[in-house]
Amino acid sequence: MAYNHQAIEQKWQKRWDKDGTFEAKDEGDKPKFYCLIEFPYPSGEGLHIGHPRSYTALDIVARKKRHQGHNVLYPIGWDAFGLPTENYAIKTGRKPADITKENTDTFRRQLKSLGLSFDWSREVNTTDPAYYKWTQWMFLEFFKAGLAYKTTLAINWCTSCKIGLANEEVVSGVCERCGGRVEKRDKEQWMIAITKYAERLLQDLDTVDYLEKIKTQQRNWIGKSEGAEIDFEVVDPQGSVTPIIKVFTTRPDTLFGATYLVLAPEHELVEQITTNAQMSEVQMYIKTTSLKTDMDRGNDSNEKTGVFTGAYAINPATQKQIPIWVADYVLTGYGTGAIMAVPAHDERDFSFAKKFELPIIKVIEPPALQEVMPADVGVSHAAQTAIKIISDCFTGEGQSIHSGEFSGRSTAEAKKQILGWLEEKGLGKKTINYKLRDWVFSRQRYWGEPIPLVYCEACANLPLKEGETVQTHGWIPVREEQLPVVLPDVDHYEPTDTGESPLASIEDWVNTTCPNCFGPARRETDTMPNWAGSSWYFLRYIDPHNDSAFASTEKLNYWMPVDLYNGGMEHTTLHLLYSRFWNKFLFDQGHVPLSEPYTRRHSHGLVLADDGTKMSKSKGNVVNPDEIVRDYGADALRMYILFMGPFEEPVPWSLNGLIGVRRFLDKVDRYVRSWKEVEAEDFGKIVEPRIKKVSDDIDAFKFNTAVSEFMSLFNDLGDQSVTREQLKKILVVLGPFAPHLMNECWELIGETRLVEEQSWPEFDASLLVQDEIEMGVQINGKVRGTIVLSPNAEEQVAKELALADENVQKHLEGKEVVKVVYVPGRILNIVVK
RNA sequence: GCGGAUGUGGUGGAAUUGGUAGACACGCAGGCCUCAGAAGCCUGUGGGAGCAAUCUUGUGAGGGUUCGAGUCCCUCCAUCCGCACCA
């Protein structure tokens with residue numbers, strides 16, 4: 001006797017559509033609530049079964065907020081630019097725009113079939129010119145503010161496809177699609193100076209309510225470290241001008257232990273300082289490292305590699321000559337691209353020095369063992385620590401030794417004093433370094449927003465802004481009234497042989513007139529990364545049809561900030577950080593009302609295949625949501641996807657689990673059908689605490705236990721009827737989880753209007769408190785019996801009840817009671833001897 | 001390698017945040033209903049011993065703190081996510 005989910009779901013979805021039940025109003029007396037999920041990339045595979053996990057969870061939150069009298073904005077759109085669509089288009093000879101249209105149609109149909117309470121009237125699409133007009137406009141704001149600039153960077157280049165590759169497309173050093181050799185090639189790229197916002201992106205984390213692990217990951221990604229930049233003079237064998245090598249270190253206190261310098265292979269001074277004798281070896285080394293990824297280079301399990309340049313520098317503290325090496329464990333993007341190596345106190349320097357037999361000088365004395373150890377740490381740990389200090393290098397803090405006048409200082413003091421000494425001598429300065437790098441904003445691709453700049457040689461000396469000295473270098477912004485710069489609709493958009501964007505070969509698009517002098521000029525042919533459109537979409541939802549601004553000030557003031565934003569942990573360091581940055585920039589320019597866009601950020605775990613691995617087409621373990629909705633219903637899918645495990649953690653899919661939830665929904669359906677109005681009998685003590693718990697669980701994002709609470713409730717009710725009021729409360733609270741069936745049940749018991757229009761139940765406090773609880777009685781920490789008593793009973797009462805228990809008596813016999821631990825409502829533990 | 005997380009029955013997971021480990025669900029076993037099946041309902045179900053009451057063991061491994069540890073501390077192991085041109 002299963003209910004007919006197909007009929008019921010269609011019926012109520014039509015009704016919601018017709019009534020516009022979930023459309024948000026841009027004004028009103030109700031408090032606003034802006035609830036946001038990460039909009040999907042409409043891939044050709046269709047909706048992934050994981051998408052509904054996040055969407056249903058926030059759907060439940062959104063629905064609950066509506067019941068509680070909020071004006072809720074829960075919008076949806078498409079993040080549709082990107083590589084997979086373009087690659088598929090090239091492969092099939094079709095147009096990316098056509099493919100995107102098909103994919104979004106599929107996604108829309110699939111999402112609608114789930115009964116999600118999105119406001120479909122606000123749908124946005126990043127590939128819509130009416131949308132990316134504003135992405136381009138914002139890019140120009142960055143440009144005009146001097147935050148967008150061009151620089152030369154190495155990109156991955158497939159020598160066979162003759163195309164630039166994303167890191168992801170390079171698999172173990174070769175091109176993912178053709179297996180061809182990949183090399184690094186220099187290319188001019190647009191950059192956006194996110195590093196100028198590093199400090200604020202860091203500081204303002206204190207003002208938002210994100211899960212702590214999200215904050216931690218962002219902090220670590222920004223990677224602020226305070227340290228020193230120290231100048232090392234190169235001993236020049238030719239005796240001409242002496243080059244200076246600047247190194248960054250967080251441990252200036254170890255300067256006396258610096259026994260060699262290491263430059264990144266890309267460091268600009270490498271060629272200049274390398275001696276003739278060493279030149280060919282160094283060049284060979286640079287060539288081999290250019291094929292490695294940063295991750296390979298940092299990998300400690302690989303043997304350290306490096307090569308001596310033949311040159312020496314002077315350690316300013318010891319005045320000793322120390323050799324200069326080139327090694328790929330030093331990265332060019334971090335710090336100054338050069339380090340002073342202190343092998344006695346840095347593990348990577350240590351293993352490098354061991355391998356190449358470089359001197360190791362100890363300059364920090366570890367604190368005495370008892371100081372390292374907190375009193376409560378066991379002996380074995382002490383032994384382990386001791387072993388570690390003796391055999392390895394010591395990277396902790398301690399006391400300086402062999403450090404001239406600074407010997408005897410603590411690490412903190414030595415840092416400060418050596419830095420002071422360097423500053424005095426003009427050999428170094430205090431610096432703050434961030435791991436965060438500027439944002440590479442160029443892609444040599446077709447399917448992205450064109451960068452709305454025009455290159456005009458005649459205007460090369462124009463200042464960027466009136467009265468400023470910074471020049472445009474010939475890059476002139478397209479005039480606002482000429483936006484959007486629309487992607488040309490062409491038949492061929494394959495990448496070119498030269499590494500230029502495919503747009504470069506479309507001559508009548510590239511050739512244009514300069515917006516400034518109206519002379520002949522050429523368009524920028526690079527496009528923006530997919531991150532651009534997704535950095536501000538939450539602003540467009542607020543006023544999606546506005547064609548004179550990305551959103552009106554009044555509406556921005558009304559809806560911002562986003563009250564709750566949910567997305568995957570995998571977006572923490574890129575999308576989430578980029579969009580915070582983007583919003584901060586718009587705030588600085590006076591375009592948005594708040595510096596931080598998201599008040600609260602939550603995350604969901606991936607849905608894995610039933611074998612615990614990632615779902616993938618090639619493995620054939622992909623679950624199709626259409627089939628699930630067809631065979632078991634959207635309500636069952638919605639409830640199961642949340643029941644399957646803790647919301648924040650990855651969980652394997654299980655069809656059996658889904659069937660279990662469907663059985664539960666059938667049970668609810670049967671219960672309502674056979675329900676009879678009762679007056680006297682009251683299950684309040686059963687119903688109220690349970691639906692209160694569900695309500696609390698929703699707020700705490702514990703959807704899995706919310707579902708199990710419902711199951712437990714119906715198990716307890718069996719076939720006994722509750723009062724109409726109790727049943728109505730149950731249906732309303734269950735509504736966000738299974739909205740189709742609950743509306744049907746609502747109708748079945750003769751109620752009118754939609755469940756969605758009901759207010760969230762108030763809970764009767766008198767029914768929530770428990771008069772009696774069952775408590776465990778332990779003897780020496782082992783449970784020997786249970787007693788039933790009031791949760792706040794006196795210790796004496798508990799003891800008497802416990803002593804009445806036969807088994808407890810047995811275990812107490814002939815023993816002496818040493819201590820009694822009684823925690824009301826929790827435990828009674830009797831300690832005996 | 002670096003950063004973030006996770007580890008509990010045959011399976012997914014729960015545990016009032018230091019207080020009766022295994023809620024809820026799947027699976028399995030037995031029963032009721034049925035001409036039979038499906039569906040539904042009831043009972044049992046971590047391992048070991050016992051007819052049973054009960055005892056014992058048990059939350060990745062090892063150690064520690066505590067009256068009491070899945071939960072806190074230390075060391076290790078395994079797995080997952082991210083690492084900047086996938087989205």
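Residue numbers begin at 1 in each chain, while the letters A, B, ... track the order of the sequences. Worth saying up front: this structure is predicted, and the values here are computed from it rather than measured.
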How close or far is atom [atom2] of [N] from atom [atom1] of [X], stated in whole angstroms?
{"X": "Arg690(A)", "N": "A23(B)", "atom1": "CZ", "atom2": "P", "value": "14 Å"}
{"X": "Gln217(A)", "N": "U6(B)", "atom1": "CD", "atom2": "P", "value": "12 Å"}
{"X": "Phe710(A)", "N": "A23(B)", "atom1": "CZ", "atom2": "C1'", "value": "16 Å"}

Interatomic distance at [atom1], [N] relative to [M], whole Å:
{"N": "A25(B)", "M": "C77(B)", "atom1": "P", "result": "40 Å"}
{"N": "C81(B)", "M": "C42(B)", "atom1": "P", "result": "41 Å"}
{"N": "U45(B)", "M": "G22(B)", "atom1": "C1'", "result": "12 Å"}
{"N": "G48(B)", "M": "A14(B)", "atom1": "P", "result": "26 Å"}
{"N": "G44(B)", "M": "U34(B)", "atom1": "P", "result": "24 Å"}
{"N": "C80(B)", "M": "U75(B)", "atom1": "C1'", "result": "22 Å"}
{"N": "G60(B)", "M": "C41(B)", "atom1": "C1'", "result": "40 Å"}
{"N": "U11(B)", "M": "A23(B)", "atom1": "P", "result": "15 Å"}

Syn or anti conformation of G68(B), syn meaning chi within 90° of 0: anti
Torsion-based syn/anti label for U59(B), 90° from 0 as limit: anti
Write down the partner of [N] under the Watson-Crick or G-U wobble criteria, each distance required to be under 3.5 Å.
{"N": "C67(B)", "answer": "G19(B)"}
{"N": "C41(B)", "answer": "G31(B)"}
{"N": "A14(B)", "answer": "none"}
{"N": "G1(B)", "answer": "C83(B)"}
{"N": "U59(B)", "answer": "none"}
{"N": "A53(B)", "answer": "none"}

May I ask you to evaluate whether [X] reaches the phosphate of [N], defined as a side-chain N or O under 4.0 Å from OP1 or OP2?
{"X": "Arg443(A)", "N": "A84(B)", "answer": "no"}
{"X": "Arg784(A)", "N": "U56(B)", "answer": "yes"}
{"X": "Lys184(A)", "N": "C85(B)", "answer": "no"}
{"X": "Asn530(A)", "N": "C85(B)", "answer": "no"}
{"X": "Arg663(A)", "N": "C26(B)", "answer": "yes"}
{"X": "Asn220(A)", "N": "G4(B)", "answer": "yes"}
{"X": "His811(A)", "N": "C55(B)", "answer": "yes"}
{"X": "Asn704(A)", "N": "A14(B)", "answer": "yes"}
{"X": "Arg219(A)", "N": "G4(B)", "answer": "no"}
{"X": "Lys819(A)", "N": "C67(B)", "answer": "yes"}

What does [X] touch in the nucleic acid at a heavy-atom separation under 4.0 angstrom: a base, only the sugar-phosphate, or nothing?
{"X": "Pro40(A)", "answer": "nothing"}
{"X": "Lys435(A)", "answer": "base"}
{"X": "His571(A)", "answer": "base"}
{"X": "Val818(A)", "answer": "nothing"}
{"X": "Ile214(A)", "answer": "nothing"}
{"X": "Pro652(A)", "answer": "sugar-phosphate"}
{"X": "Glu774(A)", "answer": "base"}
{"X": "Trp221(A)", "answer": "base"}
{"X": "Thr786(A)", "answer": "base"}
{"X": "Glu169(A)", "answer": "nothing"}
{"X": "Val821(A)", "answer": "base"}

Report the nucleotide, chosen from [options], that has the shortest atom-to-atom distance to any side-chain atom of [X].
{"X": "Gln444(A)", "options": "G82(B), C85(B), A14(B)", "answer": "C85(B)"}
{"X": "Lys702(A)", "options": "G4(B), U57(B), U17(B)", "answer": "U17(B)"}
{"X": "Met569(A)", "options": "A15(B), U17(B), G4(B)", "answer": "G4(B)"}
{"X": "Ile827(A)", "options": "U20(B), U17(B), A25(B)", "answer": "U20(B)"}
{"X": "Val440(A)", "options": "C85(B), G12(B), U20(B)", "answer": "C85(B)"}
{"X": "Thr705(A)", "options": "A15(B), A87(B), U57(B)", "answer": "A15(B)"}
{"X": "Leu606(A)", "options": "C24(B), C55(B), C81(B)", "answer": "C81(B)"}

Asn566(A) and its side-chain contact (heavy atoms from CB on, under 4.5 Å) partner, picked from Glu38(A), Arg601(A), Arg53(A), His604(A): His604(A)
Heavy-atom donor-acceptor pair, Asn829(A) side-chain to C67(B) base, under 3.5 Å: yes
Face-on cation placement of Lys304(A) at Phe352(A) ring, 6.0 Å and 45° thresholds: no
Exercise: do Thr289(A) and Asp328(A) side chains pair donor with acceptor under 3.5 Å: no
Under 3.5 Å side-chain donor-acceptor pair for Tyr41(A) and Asn103(A): no
Criterion side chain to side chain donor-acceptor pair (under 3.5 Å) on Asn715(A) and Lys667(A), from CA distance to verdict: CA-CA 10 Å; Asn715(A) 286 346; Lys667(A) 190 182 201 165; 2.7 Å; yes
From CA spacing to verdict: ring-ring contact (aromatic ring centres under 6.0 Å, His included), Tyr565(A), Phe538(A): CA-CA 10 Å; Tyr565(A) 189 20; Phe538(A) 52 94; 7.3 Å; no
Whichever of Lys810(A) and Val783(A) has its nearest RNA chain B nucleotide further upstream toward 5': Val783(A)
Residue met sooner reading RNA chain B from 5', once Asn656(A) and Lys187(A) are mapped to nucleotides: Asn656(A)
NZ/NE/NH1/NH2 to OD/OE distance under 4.0 Å, Asp611(A) and Lys619(A): no
Centroid-centroid under 6.0 Å between Tyr537(A) and Trp582(A) rings: no
Positive for side-chain hydrogen bond (donor to acceptor under 3.5 Å, both in side chains) with Ser442(A), one of Asp526(A), Thr527(A), Thr151(A): Asp526(A)
More than 12 heavy atoms of other groups within 6.0 Å of Lys355(A) NZ: yes
